[in-house]
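Contents: one structure, followed by commentary.
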There are 2 protein chains.
Amino acid sequence: MELAAAKLKFIEAWGKLGSEWGINRTMAQVHALLLISPEALTTEEIMEALSISRGNANMTLRDLIGWGLIEKQHKAGERKEYFFADKDVWNISRQVAKERKKRELEPVLKVLNELSTVVGDEKDPEFKTFKKSVSDINKLALNVDKTLETMLKAEESWFWGSILKVFK
Amino acid sequence: MELAAAKLKFIEAWGKLGSEWGINRTMAQVHALLLISPEALTTEEIMEALSISRGNANMTLRDLIGWGLIEKQHKAGERKEYFFADKDVWNISRQVAKERKKRELEPVLKVLNELSTVVGDEKDPEFKTFKKSVSDINKLALNVDKTLETMLKAEESWFWGSILKVFK
DNA sequence: ATAAACTTTCAATAATTTTTGAAAGTTTAA
DNA sequence: TTAAACTTTCAAAAATTATTGAAAGTTTAT
């Protein structure tokens, strides 16, 4: 396969994966473009490469910065802003895990906590089933939360080296 | 908090979480409803409880069956179909992991494999960066895939007992 | 066979999410 | 200052996704 075709395919695949994971397609595509670009790119270049509008490019880049996946760069003597992506997949994974933990898991934990204060008749099957499900999900969520917490502190070496040992 | 209010809150929270994870809101809500219901419910009861149409209920229930999260049940002497959810969070987690692996991870692995056959000039930074990124992501994806594979085979006890030991 | 009970389908509609692009805003150089 | 170079905003439009509901389909009992 030719490089040009491969690039397009990569951008498309990353975009699709992103949209399946609640990240908008364009955002994932811009990320993909920057991931495979050796140099930082300007908004103009990104607009051009992906055929998107200036407004869209600007918002998408801002969001990617918010996710900690790309950074602005300034070149001496130039007005333009350049953008580049961290290429380290371990950093990328951690960054995504960190943001999703904060944006999604933590609010859910909060609600589950509130829900576990529910009061009712211990003889009522409706009540018992509700309590059991909420409590089980709460335990799971706490486990996931702690696991992510530890992952965020872990060294890169852990990830590449020993993840498989987990499961004896 | 009262049980009735808590139920609504749980259904809402599960629906929100679902939509953040690429599962449609209604599907997650129906799942939530069945999770906290001690008895299997009919389509009518689900339509009523969530104020959704018959068509929507039918499609959503079919999707949930496709995800392996709920099952049909027949009661002796009755024409109606009843639906109930597996309440075991470990089973739920495995089922979701299994489906997402199949639907999302595997197609991506396939593309990454194709992309690693790209040919080009080893001196070209564009080429080198592309290859490096694709190869790193490929390694990560393979790692995730193997980890999920092992998780699918693992015993429930593993999950509740030793997930935290992973990280030293 | 017929009809009642129940389920499925799908074209039309509604709701939501994403994108556009032009105008407004900001910064820098002269 | 002023104007050129560049960035941000946001209301309107487009694209996508979800939902409805009535008609068609299926199964069962008689």
Side-chain angles (χ1 to χ4, degrees), chain A residues 11-12 14-34 40-67 69-84 100 103-104, chain B residues 11-12 14-34 40-67 69-84 100 103-104:
Chain A
I11 290 167
E12 196 193 324
W14 205 242
K16 179 154 168 284
L17 188 67
S19 67
E20 288 165 343
W21 282 81
I23 286 152
N24 107 21
R25 219 184 79 255
T26 302
M27 186 169 150
Q29 288 184 337
V30 170
H31 186 226
L33 177 65
L34 292 173
L41 302 179
T42 62
T43 301
E44 294 283 344
E45 289 169 321
I46 292 164
M47 288 165 58
E48 160 81 12
L50 302 177
S51 307
I52 60 174
S53 70
R54 183 173 303 285
N56 196 3
N58 183 269
M59 283 183 147
T60 296
L61 289 165
R62 186 211 282 153
D63 284 351
L64 281 168
I65 291 172
W67 274 79
L69 295 173
I70 68 171
E71 285 178 30
K72 278 189 188 173
Q73 210 173 54
H74 288 279
K75 297 204 176 177
E78 289 210 45
R79 293 275 307 269
K80 279 197 287 273
E81 293 179 330
Y82 287 77
F83 299 89
F84 81 104
R100 298 202 76 151
R103 295 170 195 225
E104 295 154 24
Chain B
I11 290 167
E12 196 194 326
W14 206 242
K16 179 153 169 285
L17 188 65
S19 67
E20 287 164 344
W21 282 83
I23 286 152
N24 106 20
R25 219 183 78 257
T26 302
M27 186 169 149
Q29 289 184 338
V30 170
H31 186 225
L33 177 65
L34 291 174
L41 301 180
T42 63
T43 302
E44 295 283 344
E45 289 169 322
I46 293 164
M47 287 164 58
E48 160 80 11
L50 302 176
S51 308
I52 60 174
S53 70
R54 184 173 302 284
N56 195 3
N58 184 270
M59 283 181 149
T60 296
L61 289 165
R62 187 211 282 156
D63 284 352
L64 282 167
I65 290 172
W67 274 79
L69 294 174
I70 68 171
E71 286 178 30
K72 278 188 188 173
Q73 211 175 53
H74 288 279
K75 297 203 176 177
E78 288 211 45
R79 292 276 306 270
K80 280 198 284 273
E81 293 178 328
Y82 287 77
F83 299 89
F84 82 103
R100 298 202 76 152
R103 295 169 195 224
E104 295 154 24

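Chain naming here is simple, since letters A, B, ... match the order of the sequence lines and numbering starts at 1 in each.
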Please give, in whole Å, the distance from [N] [atom2] to [X] [atom1]?
X: B:H74; N: C:dA5; atom1: NE2; atom2: P; result: 18 Å
X: A:L41; N: D:dC6; atom1: CG; atom2: P; result: 16 Å
X: A:E81; N: D:dA5; atom1: CD; atom2: C1'; result: 12 Å
X: A:M27; N: C:dT18; atom1: CE; atom2: C1'; result: 14 Å
X: B:E78; N: C:dT7; atom1: CD; atom2: C1'; result: 15 Å
X: A:E44; N: D:dA5; atom1: CD; atom2: P; result: 12 Å
X: B:K16; N: C:dT16; atom1: NZ; atom2: P; result: 15 Å
X: A:I65; N: D:dT7; atom1: CD1; atom2: P; result: 11 Å

Practice item. Check B:M47 against B:A57 and note the closest heavy-atom contact, atom names and distance. Key: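 That closest heavy-atom pairing would be CG-CB, 3.8 Å.
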Review point. If every non-hydrogen atom of A:F83 is compared with every non-hydrogen atom of A:L34, which pair is closest and at what distance?
Key: O-CD2, 3.4 Å
Could you list all N or O pairs between the protein and nucleotides 27-30 of chain C that sit under 3.5 Å apart?
from   : atom 1 : to    : atom 2 : distance (Å)
C:dT27 : O2     : A:R79 : NH2    : 2.8

Point to revise | Near-strand residues of residues 46-59 of chain B, defined as heavy-atom separation under 4.0 angstrom from DNA chain C | key: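 Those residues whose heavy atoms fall under 4.0 Å from DNA chain C, taken from residues 46-59 of chain B in numerical order, are B:R54, B:G55, B:N58, B:M59.
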Revision key, fill the gap. Sorted by chain and number, sequence neighbours left out, side-chain hydrogen bond (donor to acceptor under 3.5 Å, both in side chains) with B:E48 holds for none
Practice item. Sequence neighbours left out, what passes side-chain hydrogen bond (donor to acceptor under 3.5 Å, both in side chains) with A:R79? Give chain and number order. Key: none
Point to revise | Close side-chain approach of B:K16 to B:E12, heavy-atom, < 4.5 Å | key: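 In short, these two side chains do not touch, never coming nearer than 4.5 Å.
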**Study point:** Set of residues satisfying salt bridge (Lys or Arg N to Asp or Glu O under 4.0 Å) with respect to A:E104, sequence neighbours excluded
**Key:**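 Partners of A:E104 by the salt bridge (Lys or Arg N to Asp or Glu O under 4.0 Å) criterion, ordered by chain and then number, come out as A:R100.
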Review point. Can you name the salt bridge (Lys or Arg N to Asp or Glu O under 4.0 Å) partners of B:E81, sequence neighbours left out?
Key: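 Checked B:E81 against salt bridge (Lys or Arg N to Asp or Glu O under 4.0 Å); matches are B:K72.
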**Study point:** Partner set under side chain to side chain contact (heavy atoms under 4.5 Å, CB included) for B:F84, not counting sequence neighbours
**Key:**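 Scan of B:F84 (side chain to side chain contact (heavy atoms under 4.5 Å, CB included), adjacent residues dropped) gives B:A40, B:E71, B:Q73.
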Exercise for review: Can you sort out the partners of A:T42 under side chain to side chain contact (heavy atoms under 4.5 Å, CB included), two or more places apart, ordered by chain and number?
Suggested key: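 Residues passing side chain to side chain contact (heavy atoms under 4.5 Å, CB included) with A:T42: A:E44, A:E45, A:K80, A:Y82.
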Study note, to complete from the structure: Residues of residues 18-26 of chain B with a heavy atom under 4.0 Å from any atom of DNA chain D, listed by number, are B:N24, B:T26
Point to revise | Euclidean distance, B:L69 CG relative to B:L61 CG, rounded to 0.5 Å | key: 11.5 Å
Check your understanding: Roughly how far apart are A:D63 CG and A:N58 CG, rounded to 0.5 Å?
Key ->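 Between atom CG of A:D63 and atom CG of A:N58 there are 9.5 Å.
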Run the side-chain donor-acceptor check on residues 23-33 of chain A: report pairs under 3.5 Å with partners two or more places apart or on a different chain.
from  : atom 1 : to    : atom 2 : distance (Å)
A:N24 : OD1    : A:T26 : N      : 2.9
A:N24 : OD1    : A:M27 : N      : 3.0
A:H31 : ND1    : A:W14 : NE1    : 3.3

Could you go through nucleotides 13-15 of chain C and list every protein N or O atom that sits under 3.5 Å from one of its N or O atoms, giving the distance for each pair?
none

